[in-house]
Enquirer: 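After the structure tokens below, expect a handful of questions from me.
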Amino acid sequence: MIAAVRCWARELDPLVARVVSGLLLALVIGVLLAIGRPGIYVVVLTLGGLALWEFRGLSRRMGQRAPSWLLYPLGLVFAFSGTLLKMVPLEQVLSVALIAGLSVFLVLPGRREGLGRWAMGLAGAVYIGLPLNYYLLLDESARRTPGILWLLLILVTIVVSDAAALLAGMRLGRHPFFPAISPKKTLEGALAGLACSVPVMVLGGTFLLALPPWHAAVLGLLIGITAQVGDLVESQMKRLARVKDSSHLIPGHGGVLDRLDSALFPPIVVFLYASYLHLL
């Protein structure tokens with residue numbers, strides 16, 4: 001099915017393919033989120049699994065291929081460590097990963113790269129699994145309003161911020177922003193993304209989440225900053241791997257990780273801020 005969609009997309013204008021595939025992806029995710037907790041689990045398993053697969057490919061190109069037997073199970077544990085697997089002590093899982101993971105490389109071929117591969121597997125599991133865990137924690141911990149509203153508002157804020165940064169960068173961009181990592185990003189685009197993320201979160205946070213406006217403004221700023229940091233982090237990985245996209249799964253967009261990059265860090269800061277100040 002994916003191959004058929006990709007062949008069909010090649011016949012379309014790249015921008016049209018990007019818009020159509022983006023809308024279809026948003027529709028599927030929206031339907032699954034509307035189902036409730038089971039749908040959210042499906043989204044986490046599907047997107048998380050694909051993102052881990054793409055990370056494994058990037059790690060191979062970066063010189064230290066993450067071992068599948070470590071990357072996927074650990075990614076699963078991290079993703080559900082606060083919900084479905086909260087009865088499993090995370091420190092014990094990490095202890096097993098430390099001892100068993102490093103011991104395996106004593107007998108596997110390529111022992112010289114063993115430590116680097118083990119570290120890359122652990123890094124990939126944390127990088128993708130933990131943010132997904134915080135999305136689930138937000139959904140489960142919210143008491144004043146439905147948790148799904150927190151998830152949707154975070155995602156909408158990220159999308160608006162990304163779109164504003166892209167459009168402002170194309171129209172007004174003059175000064176490079178981290179040119180060594182992402183030459184096309186501009187300071188004007190980054191500022192526009194921050195400027196748009198705050199009012200979106202203020203409006204949504206005030207009327208949907210019943211947050212005090214100034215708390216919503218801080219959350220909007222945190223989302224805008226961490227979304228751009230996440231984008232730059234994945235851009236750095238792709239530059240080290242010498243690839244343009246993490247994969248070609250989504251016509252016009254690249255890979256799942258290319259779409260998730262800016263959405264990985266925001267739920268962490270939102271949950272920590274909101275839970276510490278008892279806003280959930």
Side-chain angles (χ1 to χ4, degrees), residues 1-2 5 18-54 75-76 78-86 127-163 196-197 200-201 203-211 216 219-220 222-224 226-227 230-231 249-275 279-280:
M1 180 178 178
I2 293 176
V5 172
R18 182 181 179 90
V19 172
V20 172
S21 59
L23 289 175
L24 289 175
L25 181 62
L27 177 62
V28 172
I29 292 177
V31 170
L32 288 172
L33 292 180
I35 293 175
R37 191 67 54 80
I40 296 175
Y41 288 155
V42 171
V43 172
V44 168
L45 279 172
T46 304
L47 296 184
L50 291 173
L52 288 169
W53 172 73
E54 291 177 348
L76 178 69
F78 279 122
F80 292 98
S81 59
T83 51
L84 291 179
L85 299 179
K86 61 184 175 183
Y127 172 57
I128 294 167
L130 270 188
L132 295 176
N133 172 61
Y134 277 98
Y135 276 113
L136 294 176
L137 284 175
L138 280 168
D139 179 61
E140 186 176 85
S141 303
R143 295 291 181 266
R144 300 182 182 181
T145 54
I148 189 65
L149 292 180
W150 281 89
L151 307 191
L152 291 175
L153 187 54
I154 292 172
L155 294 176
V156 168
T157 303
I158 293 169
V159 169
V160 171
S161 177
D162 285 350
C196 290
S197 64
V200 171
M201 194 64 192
L203 288 174
T206 302
F207 293 103
L208 295 179
L209 304 179
L211 296 175
L219 287 173
L222 291 174
I223 291 173
T226 51
D231 192 348
L249 286 176
I250 309 174
H253 290 267
V256 171
L257 200 51
D258 295 321
R259 299 279 60 82
L260 280 182
D261 55 4
S262 57
L264 289 176
F265 295 165
I268 300 175
V269 295
V270 169
F271 179 82
L272 294 177
Y273 183 93
S275 60
L279 300 176
L280 293 171

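In this chain, residues are counted from 1 in sequence order.
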Enquirer: Look up atom CG in L260 and atom CG in L50, then write down how far apart they are to the nearest 0.5 Å.
Expert: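 Answer rounded to 0.5 Å: 9.0 Å.
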Enquirer: Test your reading of the model: is there a side-chain donor-acceptor pair from S161 to the backbone of I158, 3.5 Å cut-off?
Expert: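 No, S161 side chain to I158 backbone: no donor-acceptor pair under 3.5 Å.
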Enquirer: Check whether any side-chain heavy atom of L33 sits under 4.5 Å from a side-chain heavy atom of I40, and report yes or no.
Expert: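 Yes, close enough: below the 4.5 Å cut-off.
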Enquirer: Nearest heavy-atom pair of E54 and L257: which atoms, and what distance?
Expert: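 Nearest heavy atoms, E54 then L257: OE1-N, 2.6 Å.
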Enquirer: Quick one: closest heavy-atom pair of D162 and S262, and the distance?
Expert: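 That would be OD2-OG, 2.8 Å.
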Enquirer: Going from CG on L272 to OH on Y134, what distance comes out if it is rounded to the nearest 0.5 angstrom?
Expert: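 Taking CG in L272 and OH in Y134, the distance rounds to 5.0 Å.
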Enquirer: With heavy-atom distances below 4.5 Å as the criterion, would you say the side chains of P131 and I268 are in contact?
Expert: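 In short, these two side chains touch, coming nearer than 4.5 Å.
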Enquirer: Could you give the distance from CG (L47) to CG (L52), rounded to the nearest 0.5 Å?
Expert: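 Those atoms lie 11.0 Å apart.
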Enquirer: Return the CG to CZ distance between L130 and F265, rounded to the nearest 0.5 Å.
Expert: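 If I round to the nearest 0.5 Å, the distance is 10.5 Å.
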Enquirer: For the residue pair L219 and L211, establish whether any side-chain heavy-atom pair is separated by less than 4.5 Å.
Expert: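 L219 reaches L211 side chain to side chain.
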Enquirer: After noting the C-alpha distance and the side-chain angles of V28 and L24, does the key distance pass the side chain to side chain contact (heavy atoms under 4.5 Å, CB included) rule?
Expert: CA-CA 6 Å; V28 172; L24 289 175; 5.6 Å; no
Enquirer: Report yes if the side chains of L132 and F78 come closer than 4.5 Å at any heavy-atom pair, otherwise no.
Expert: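 SC-SC contact between L132 and F78 ruled out.
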Enquirer: Indicate yes or no: at least one non-hydrogen side-chain atom of L222 is less than 4.5 angstrom from one of V270.
Expert: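 Heavy-atom side-chain distance check fails, nothing below 4.5 Å.
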Enquirer: Might you point out which heavy atoms bring G205 and A216 nearest each other, and give the distance in Å?
Expert: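 The pair with the smallest heavy-atom distance is CA-CB, 4.3 Å.
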Enquirer: For F80 versus N133, what's the shortest heavy-atom pair and its separation?
Expert: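 Smallest interatomic distance, heavy atoms only, reads C-OD1, 4.3 Å.
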Enquirer: Quick one: side chains of residues 144-157, donor-acceptor pairs under 3.5 Å with protein atoms, not counting sequence neighbours, listed by atom name and distance.
Expert:
residue	atom	partner	partner atom	Å
R144	NH2	H278	O	2.9
T145	OG1	W150	NE1	3.4
T157	OG1	L153	O	2.7

Enquirer: Any heavy-atom pair between the side chains of M201 and L209 that's under 4.5 Å?
Expert: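 They are in contact (side-chain heavy atoms under 4.5 Å apart), so the answer is yes.
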Enquirer: Are any of the side-chain heavy atoms of Y41 and L136 separated by less than 4.5 Å?
Expert: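 The answer is yes, as the side chains (C-beta and beyond) meet within the 4.5 Å cut-off.
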Enquirer: Which atom names give the shortest non-hydrogen contact between D258 and G255, and what distance separates them?
Expert: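 Between these two residues, the closest heavy atoms are OD2-N, 2.8 Å.
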Enquirer: Kindly give the heavy-atom pair with the smallest separation between P267 and Y135, and that separation in Å.
Expert: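 Closest approach of P267 to Y135, heavy atoms only: CG-CE1, 3.3 Å.
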Enquirer: Does any part of the side chain of W53, heavy atoms only, come nearer than 4.5 Å to the side chain of V256, both counted from C-beta?
Expert: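 They are not in side-chain contact.
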